[in-house]
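Okay, structure first, notes after.
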Amino acid sequence: MNIVIVGRGNVGGGLAALWRKAGHEVTALGRGGGDANGADVVVVAVPGSSISAALGGVTGLAVKSFTSGPVAKTFNLNFASLYDQIAVQRVRPSSFYAADAAARDITEELIIDVGYDPVPLGGLDKARGLEDLAWLLFAAMKDGAPVFYRFAVPGEL
Ligand SMILES: NC(=O)c1ccc[n+]([C@@H]2O[C@H](COP(=O)([O-])OP(=O)(O)OC[C@H]3O[C@@H](n4cnc5c(N)ncnc54)[C@H](OP(=O)(O)O)[C@@H]3O)[C@@H](O)[C@H]2O)c1
């Protein structure tokens, strides 16, 4: 897959390394912007307050709030500093996502390719709920320590 990541910091840079390892062609863009023409998917990994400015510097882009492309939002508790430990976990940790129907398959594939198990929460209308869930998950972290967690159905593990 041809992936363009807007943001090349802890998250963007970390995901770029994992997806390259999984065989994808990845371009990670910083403040200088760049071209997203030909991308199968564009991943946004900049601070929320910088999203508009960051996307404004990227050409060839179709994002729902700007145009009409299908969008997904995904979140998990594992800080980017733990990305290199995902693969050595006994079971795949979970990563929740909310997505437009047309973005579901590609979202699941990319979550799996960084080592997580995708947990669908529903359509993009659940993105706000996912943001709220994030704070509850943070509250559940003991002593502020980042943890890997697994959303499991009874009998699965
Ligand atoms: N780190 C984590 O574990 C973690 C976990 C959960 C959520 N998040 C969230 O994920 C987002 C990214 O976090 P991060 O740790 O990867 O941040 P980071 O290391 O500071 O990287 C931010 C990236 O955004 C780019 N950027 C910032 N302002 C921009 C602008 N106005 N226009 C274009 N690009 C801009 C920076 O470009 P340059 O490279 O050119 O400086 C950099 O590549 C944040 O919202 C953070 O809260 C992070």
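Whatever order the structure lists them in is the order used to number ligands and atoms, beginning at 1.
A side chain to side chain contact (heavy atoms under 4.5 Å, CB included) with Arg92 is found for one member of Ile111, Ile112, Ile86 and no other, namely Ile112.
A donor-acceptor contact closer than 3.5 angstrom links the side chains of Asp113 and His24. Ser94 and Asp117 form no side-chain donor-acceptor contact under 3.5 Å, judged by distance and modelled atom types alone.
Glu131 CD to Leu133 CG: the interatomic distance, rounded to the nearest 0.5 Å, is 10.0 Å.
Shown here for Ala36 and Val42, the closest heavy-atom pair between the two residues is CB-CG2, 4.1 Å.
Ionic pairing of Glu25 and Arg20 is not present here: no N-O contact between side-chain nitrogen and carboxylate oxygen is shorter than 4.0 angstrom.
Listed by chain and number, Gly7, Arg8, Gly9, Asn10, Val11, Gly30, Arg31, Ala45, Val46, Pro47, Gly48, Ser50, Ala53, Ala54, Phe79, Ala80 each place a non-hydrogen atom less than 4.0 angstrom from ligand 1.
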